[in-house]
Number of protein chains: 4
Amino acid sequence: MTASTATRDRILDAALQLFGEHGFRGTSVAAIERAAGLTPGAGGLYHHFRTKEAVLTEALERHVGRLGALRDIRRLFAGVQDLEVELTLIARYVLAELEAEHDLVQVLVLESRQRPDLVGQTVERLVASSVTEFAAWLVQDWGAPAEQARATAALALASLFSHRLISPTVLSTEEFVTSWVATFGSALSAGSRSPL
Amino acid sequence: MTASTATRDRILDAALQLFGEHGFRGTSVAAIERAAGLTPGAGGLYHHFRTKEAVLTEALERHVGRLGALRDIRRLFAGVQDLEVELTLIARYVLAELEAEHDLVQVLVLESRQRPDLVGQTVERLVASSVTEFAAWLVQDWGAPAEQARATAALALASLFSHRLISPTVLSTEEFVTSWVATFGSALSAGSRSPL
Amino acid sequence: MTASTATRDRILDAALQLFGEHGFRGTSVAAIERAAGLTPGAGGLYHHFRTKEAVLTEALERHVGRLGALRDIRRLFAGVQDLEVELTLIARYVLAELEAEHDLVQVLVLESRQRPDLVGQTVERLVASSVTEFAAWLVQDWGAPAEQARATAALALASLFSHRLISPTVLSTEEFVTSWVATFGSALSAGSRSPL
Amino acid sequence: MTASTATRDRILDAALQLFGEHGFRGTSVAAIERAAGLTPGAGGLYHHFRTKEAVLTEALERHVGRLGALRDIRRLFAGVQDLEVELTLIARYVLAELEAEHDLVQVLVLESRQRPDLVGQTVERLVASSVTEFAAWLVQDWGAPAEQARATAALALASLFSHRLISPTVLSTEEFVTSWVATFGSALSAGSRSPL
DNA sequence: AATGAATGAGCTTTCATTCAT
DNA sequence: GATGAATGAAAGCTCATTCAT
């Protein structure tokens, strides 16, 4: 079972990376086996998973937990006092998470249309809970009006999600973060004074 | 020539839609032929295109021009006087364009990793020019400081690009637009007074 | 009909050459059309021939007549008096004919197994009549014993047919001819004196 | 390994035969599979060979060694004393070899134009070494003058190579051999007395 | 647990042939 | 007489999956 588990994990990691690089259809079972150190094409994968699809499902389940860390925003950044400092920390943290789980993100992007049930729901849940957490933090720690908080949180996260489209071609990550903090910092300040 | 051109166009349209739905690899030539009204599997497509890949290339070329309309921001929305009104128009316009060319956007997202030369460059050019145009508009019409304009424009467009991730699950499009206008409107007002 | 005949002939010539180069199956109708100056793939060939096979049949018929010239040995080389001189002329003539109709020879070689009825019989007839003519010449002009003449003629022609296998790698054509004349010249002299 | 090797060999044998009968292009992978006892069209062949072309290459390599036996002329027929007896043995041996490896010979003939590098060189090497061996035997055992020996050997083998064109239509194999021995026997005798 | 072999279904592409223009 | 378009059939090859060893 020890060896078994090790192989299982190697398969899952290899698969997620390959799925992220070439998509689900673009990745053959043989390629996964090769990347996991098994003989390609010999079907060794099927001792650990019933189908190729099951590999995807389990790989997502296994990795999605980590991205869930986005939900911990409130816990992680409570009590720093200064809005701009905290926003900067959050932006860097979210971008770092997205980067660390880039394979996963890529799979989610690539496969969400093909597997709305499996992947689509995962994405929705992830986005929804992140927004909710972010919004709650804005309300609790910074006294943002509830109506506005959710919308601002959604917008702020939305722009972070598109970071890869902007950086590094159009803007460096640093400039991106600075601008992000300034924009949403000022929006929040303005908002608290006179909510939309 | 009439029938020929008609079939060609039908193939291109069908292909782009299918590529957007199932990706390039996930779309068979037979499926494209069927969607274009040809006998599936009979290879009729090859009377119009040398390879399946050539279909992708031409479909992108043909449709990218339209999305290029994003570059016309300055021309379209000059002279409305009121910042909030103009921003609202812009947001709606960009979202409508993204929606109208959703097949294309989807293909760009799905295939940009597999075909960095063909698709990746297209995306980069599209994003870069949109940001540039938007920034120029901010500077010329609203006196935004040049340094800040580019960063704000990038951020504003980035959040629009992620709209589909947010709406309708988390926020309705209307709420999204309202919030977007408020956020970037206030950021710009604040920015002009005291640039970063 | 004039233009028609011209196109017909161009098709036949182009086809025979291509068949010789790439075989019957290896030559597409489109390739023949292109080589004949028609639009490839447009089926123009079918205004002149019912099928691709018919092109082969007619091309063979048309060209086989020329190779038949091998049968004219007797007429061409009667009365030169000197055996070695005449044999040299014959060798060169046969090799030149084989070279001139090399496309045809190649087709006969390539397709004789696939089409024993069409091609195989042609080859057999060609070989048989050449041998007969050559033997008759040996008997009439050089007094070779009839029993031996046919066998020697067969052997002599057989080695000429393999000339391409030998020249130029192993022997130059000149050396080949010289040796051929010496060999069969001496065989005939020896034979007439003391038949096998 | 047993089953594997058996299937591999069955594929190679089936392929060579089919290539000889219908040529390389005329033989489908499915046909080879069927002839080798695999499910036609299922691609089982590709577990043993990377491409159809690789099957040809390996089949040639595997069988060419046997035809190489033509090079053993000297060793096989040393010391029989009587020229006519030895020539008869040689003729029968070479014809038997050509007959035994008729599939191979046929492939070499059919494909030498399409694949000059793979097949053409094989043929050239085979012919050249046969001629060289035959000539050496003539020189060593029968004192033939070196200049003449090579040319006579080339001619003698050339006529054997064309045997199939002659027999059985024009001459029986027996008559062919008898005539061959007489012709080249007398040429050699004449040659030794008065070399060209 | 891993492998070599096999298979059914699918893929992209080619091609001989037909037909309306 | 020639062309553009279409089609049925088949080609070489890939692949997810199964199974005996």
Side-chain angles (χ1 to χ4, degrees), chain A residues 1-4 6-8 25 27-33 36-53 55, chain B residues 1-8 25-33 36-53 55, chain C residues 1-4 6-8 25-33 36-53 55, chain D residues 1-8 25-33 37-53 55:
Chain A
M1 224 236 242
T2 311
S4 163
T7 302
R8 245 187 96 89
R25 291 183 98 124
T27 304
S28 70
V29 169
I32 300 173
E33 287 171 337
L38 299 181
T39 305
L45 179 145
Y46 291 93
H47 288 283
H48 302 275
F49 303 93
R50 264 172 31 80
T51 63
K52 186 184 168 190
E53 187 111 22
V55 178
Chain B
M1 218 235 248
T2 310
S4 166
T5 300
T7 302
R8 243 188 98 90
R25 292 182 96 127
T27 304
S28 71
V29 169
I32 300 173
E33 287 171 337
L38 299 181
T39 305
L45 178 145
Y46 292 95
H47 288 282
H48 301 275
F49 303 92
R50 262 170 36 80
T51 62
K52 187 184 167 189
E53 188 111 21
V55 178
Chain C
M1 224 237 241
T2 311
S4 165
T7 301
R8 245 186 96 90
R25 293 183 96 123
T27 304
S28 70
V29 170
I32 301 172
E33 288 170 337
L38 299 180
T39 304
L45 178 146
Y46 291 93
H47 287 283
H48 302 274
F49 303 93
R50 262 172 32 81
T51 62
K52 186 184 167 188
E53 187 110 23
V55 177
Chain D
M1 219 233 250
T2 308
S4 166
T5 300
T7 302
R8 244 188 97 89
R25 291 183 97 124
T27 304
S28 71
V29 169
I32 300 173
E33 287 171 337
L38 298 180
T39 304
L45 179 145
Y46 292 97
H47 288 283
H48 302 275
F49 303 94
R50 261 171 38 80
T51 61
K52 186 185 168 189
E53 188 111 21
V55 178

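Reminder, nothing fancy here: chain letters follow the sequence lines and each chain counts from 1.
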Revision key, fill the gap. Smallest heavy-atom separation, G41(D) atom then A30(D) atom, equals N-CB, 3.7 Å
Revision key, fill the gap. When rounded to the nearest 0.5 Å, the distance separating NZ of K52(D) from OH of Y46(D) is 8.0 Å
Exercise for review: Would you confirm whether R25(B), through its side chain, and R25(A), through its main-chain N or O, come within 3.5 Å as a donor-acceptor pair?
Suggested key: no
Practice item. Please round to the nearest 0.5 Å and tell me the distance separating atom CD of E53(C) and atom CZ of R50(C). Key: 11.0 Å
Revision key, fill the gap. Between R8(A) and H48(A) the two heavy atoms that sit nearest each other are NH1-O, 3.2 Å
Practice item. For DNA chain E, list all stems, counting runs of three or more consecutive pairs where every pair is Watson-Crick or G-U wobble with both distances under 3.5 Å. Key: E:2-21 with F:2-21
Exercise for review: Could you state the atom-to-atom distance from CZ of F49(B) to P of dG4(F) in whole Å?
Suggested key: 16 Å
Point to revise | For I32(B), side chain to side chain contact (heavy atoms under 4.5 Å, CB included) partners two or more places apart | key: I11(B), A15(B), L18(B), F19(B), T27(B), L45(B)
Check your understanding: Taking the side chain of T39(D) as its heavy atoms from C-beta onward, which of dT7(E), dA2(F), dG4(F) lies nearest to it?
Key -> dT7(E)
Point to revise | Reading 5' to 3' through nucleotides 13-21 of chain E, protein heavy-atom contacts under 4.0 Å coded B for base, S for sugar-phosphate only, - for none | key: BBBSBB---
Check your understanding: Is the closest side-chain heavy-atom distance between E33(A) and T39(A) below 4.5 Å?
Key -> no
Practice item. Could you state the atom-to-atom distance from CZ of R8(A) to P of dA1(E) in whole Å? Key: 11 Å
Review point. To the nearest Å, how far apart are I32(D) CD1 and dA11(F) P?
Key: 11 Å
Point to revise | Between dA6(E) (C1') and H48(D) (NE2): distance, integer Å | key: 8 Å
Review point. Given dA2(F), is OP1 or OP2 found less than 4.0 Å from the side-chain N or O atoms of T7(C)?
Key: yes
